[in-house]
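Note sheet for the following structure.
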Amino acid sequence: MSICENRALAILQQLVRIRTHQPDGDESDLLDFILTLFPFEKLQTHVIDHGGNRSSLVAAFPGRDSSRTVALVGQMDTHGLTSTERWDFPPYRATFRNGFVYGRGTSNMKGGVASIILALQNLLAGGKSLPVNVLLCLTADGEMSGSGARAMVEGGFLSGVTELIFVEPTDGKIAIAQKGALWVKVAAKGKTCHTCFPENGVDALGNLMLLCREIRRRVVAHAAPHPLLGLPLCILTRMEGGGAAPNFVADRGDALLDMRLLPYQDNGDIIHELEGIGERLSSKQPGLSFEMDVLVDRQASTMPENAPLVRRFQENLGNLGMDTKLTGFHSFSDVSRIVPFLGVPFVIFGPGEDIVETTINERVSLASVVDVAKALTRYIAAS
């Protein structure tokens with residue numbers, strides 16, 4: 001259980017200093033470093049090359065009980081960075097101050113990757129064998145299309161996995177439910193005319209706003225709250241378009257909707273209904289049309305509170321004096337790319353806050369990184 005904070009800090013700082021932000025990713029550079037942290041003879045590695053200096057990793061650590069395989073899953077990419085102007089510390093210096101490491105990706109989610117590395121190093125110390133099979137699964141592109149997790153599933157790299165631990169920022173709590181996500185781009189086309197005679201045209205922007213209101217009503221209005229996730233969301237995050245001049249009715253418009261959905265809401269059904277709303281509106285106005293493009297499609301996932309994995313994990317944290325409260329996870333993650341296809345029990349657990357302000361001064365507590373590493377170490381050692 002002994003984990004040196006100095007070693008934890010050194011590993012985390014190096015993870016942050018190797019830039020893996022979207023849209024470029026460059027996760028291959030990070031993998032080159034991570035693979036140096038383990039004894040080569042202990043690894044059965046599969047590096048999945050996505051092209052463009054982007055890679056994912058599945059590394060197998062065989063255990064004495066081959067009937068159980070625990071997969072530790074973390075993503076390597078981070079949010080992009082548009083400006084450093086408001087940061088108190090340079091975002092890739094990984095400054096350590098007052099118990100926190102500051103920098104891009106510290107919370108989401110290189111703190112979690114550091115916890116996984118520390119736990120595995122601890123378990124392998126002194127040439128010890130593991131009690132169960134463990135898979136180290138590090139994914140590329142978790143923030144956008146989830147290509148790394150998808151490749152792991154489609155390539156059969158996760159076959160035989162009996163339980164999944166997604167090391168995501170949950171502030172050290174056990175999350176057993178995750179919201180799904182739909183990002184939908186809607187393009188509206190109408191007919192321009194002078195604003196003095198609007199009846200001669202078809203207002204694309206006005207109808208686009210009406211469509212967005214109807215979509216939000218469908219997603220949110222009659223939804224029952226989830227005990228851990230609350231209500232679903234439908235947020236208009238972008239709208240643009242217009243006519244030929246300020247005094248002309250808009251003949252085009254584009255909107256982007258971010259929907260966060262609950263486990264009982266099926267993404268496919270909602271997409272079908274959204275298309276139906278667009279068809280009904282356009283049928284009432286000749287010359288009006290809508291085109292929808294689904295940019296992100298992530299299904300929600302949940303676990304029963306009394307599931308054996310959840311109970312074991314709660315007992316593990318309780319023995320360490322850590323928080324055993326169950327919570328929900330509101331961001332989308334690789335859970336949505338893996339769990340619906342494998343149907344394997346899972347928990348989400350890691351250092352850092354779930355919804356963290358990542359625009360400026362992203363940070364993670366070094367103590368929380370170490371605590372999560374201890375919890376992962378003890379859980380696997382006791383398996």
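Sequence positions, counted from 1, serve as the residue numbers for this chain. No experiment lies behind these values; they were computed from the predicted model shown.
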key: Any Pro345 side-chain heavy atom under 4.5 Å of Met303 side chain   = yes
message = Can you tell me if Gln22 has over 12 outside heavy atoms packed within less than 6.0 Å of its CD?
response = yes
ask   = Between Thr195 and Pro246, what is the shortest heavy-atom contact and its length?
value = CG2-O, 4.5 Å
message = For the CG atom of Leu309 and the CD atom of Gln314, what is their distance to the nearest 0.5 Å?
response = 10.0 Å
ask   = Do Cys234 and Leu257 have side-chain heavy atoms sitting under 4.5 Å apart?
value = yes
inquiry  = Within a 6.0 Å radius of atom CG on Asp269, are there more than 12 heavy atoms belonging to other residues, nucleotides or ligands?
reply    = yes
query = Counting distance only, does the side-chain N/O of Thr302 pair as donor-acceptor with the main-chain N or O of Ala177 below 3.5 Å?
reply = no
query = If you draw a 6.0 Å radius around CE in Met144, do more than 12 non-hydrogen atoms from other residues or ligands fall strictly inside?
reply = no
ask   = Are side-chain heavy atoms of Val335 and Phe329 found at a separation under 4.5 Å?
value = no
ask   = Judged by atom type as modelled, is there a donor-acceptor pair below 3.5 Å linking the side chain of Thr139 to the main-chain atoms of Ser56?
value = no
ask   = Hey, quick one: are Leu229 and Val310 part of the same hydrophobic cluster, counting side-chain heavy atoms closer than 4.5 Å, chains of contacts allowed?
value = no
ask   = Looking at Asp323 and Leu317, what are the two nearest heavy atoms and their distance?
value = O-CD1, 3.3 Å
inquiry  = Check whether Gln178 reaches the backbone of Ser333 with its side chain - one donor and one acceptor, N or O, closer than 3.5 Å.
reply    = yes
ask   = Between Ala300 and Leu261, what is the shortest heavy-atom contact and its length?
value = CB-O, 3.8 Å
message = Checking the side chain of Ser55 only, and the main-chain atoms of Glu27 only, is there a donor and an acceptor separated by less than 3.5 Å?
response = no
ask   = What distance do His50 atom NE2 and Ile48 atom CD1 have between them, rounded to the nearest 0.5 Å?
value = 5.5 Å
ask   = Do Val47 and Val134 sit in the same hydrophobic cluster, where Ile, Leu, Val, Met, Phe, Trp and Tyr count as joined when their side-chain heavy atoms come under 4.5 Å apart?
value = yes
task = Return yes if some donor-acceptor pair links the side-chain N/O of Asp26 with the main-chain N/O of Asp29 below 3.5 Å, else return no.
result = no
message = Minimum heavy-atom separation for Ala375 and Leu320, please, with both atom names.
response = CA-CD1, 3.5 Å
key: Flag if over 12 foreign heavy atoms under 6.0 Å of CZ, Arg17   = yes
query = Hey, does Gln121 have a side-chain heavy atom less than 4.5 Å from the side chain of Arg7?
reply = yes
ask   = How many angstroms lie between atom CG of Asn361 and atom CH2 of Trp87, to the nearest 0.5 angstrom?
value = 6.5 Å
ask   = Any donor-acceptor pair under 3.5 Å linking the side chain of Thr237 with the backbone of Leu256?
value = yes
ask   = Between Ser365 and Ser368, is there a donor-acceptor pair closer than 3.5 Å when you use the side chain of the first and the backbone of the second?
value = yes
Qualifying salt bridge (Lys or Arg N to Asp or Glu O under 4.0 Å) pairs, either residue in residues 186-199, two or more places apart = none
ask   = Would you say the side chain of Cys212 lies within less than 4.5 Å of the side chain of Val186, judging by non-hydrogen atoms?
value = no
ask   = Rounded to the nearest 0.5 Å, how far does OG1 of Thr170 lie from CD of Glu168?
value = 9.0 Å
For Leu135, the option from Leu158, Leu72, Leu164 that meets side chain to side chain contact (heavy atoms under 4.5 Å, CB included) = Leu158
Option passing side chain to side chain contact (heavy atoms under 4.5 Å, CB included) with Thr45 (candidates Leu136, Leu31, Leu35) = Leu35
message = Less than 3.5 Å apart, any donor N or O on the side chain of Asn108 or Glu143 sitting next to an acceptor on the other?
response = yes
key: Residue pairs passing the salt bridge (Lys or Arg N to Asp or Glu O under 4.0 Å) test where at least one lies in residues 273-288, sequence neighbours excluded   = Arg218-Glu273
Sequence neighbours excluded - salt bridge (Lys or Arg N to Asp or Glu O under 4.0 Å) pairs with any residue from residues 301-318 = Glu163-Arg312
ask   = If only atom types and distance count, is the side chain of Ser282 paired as donor or acceptor with the main-chain N or O of Ser289 below 3.5 Å?
value = no
query = If only atom types and distance count, is the side chain of Lys110 paired as donor or acceptor with the main-chain N or O of Leu15 below 3.5 Å?
reply = yes
query = Hey, does the Lys NZ or Arg CZ of Arg97 hover above the aromatic six-ring of Tyr102, less than 6.0 Å from the centre and inside 45° of the axis?
reply = no
key: From Asn6 atom CG to Leu366 atom CG, the distance as rounded to the nearest 0.5 Å   = 8.5 Å
key: Spacing of Leu120 atom CG and Ile380 atom CD1 [to the nearest 0.5 Å]   = 6.0 Å
task = Verify, without hydrogens or angle tests, whether Gln13 (side chain) and Ala94 (backbone) share a donor-acceptor contact under 3.5 angstrom.
result = yes
For the student: nearest non-hydrogen atoms of Val219 and Ala223, plus distance = O-CB, 3.9 Å
key: Heavy-atom check, side chain of Leu12 versus side chain of Val364, under 4.5 Å   = yes
ask   = Of all heavy-atom pairs between Arg68 and Tyr379, which one has the smallest distance, and what is that distance?
value = NH2-OH, 4.0 Å
ask   = Do the side chains of Asp24 and Arg19 get nearer than 4.5 Å, heavy atoms only?
value = no
request  = Report yes if the side chains of Leu123 and Phe61 come closer than 4.5 Å at any heavy-atom pair, otherwise no.
outcome  = no
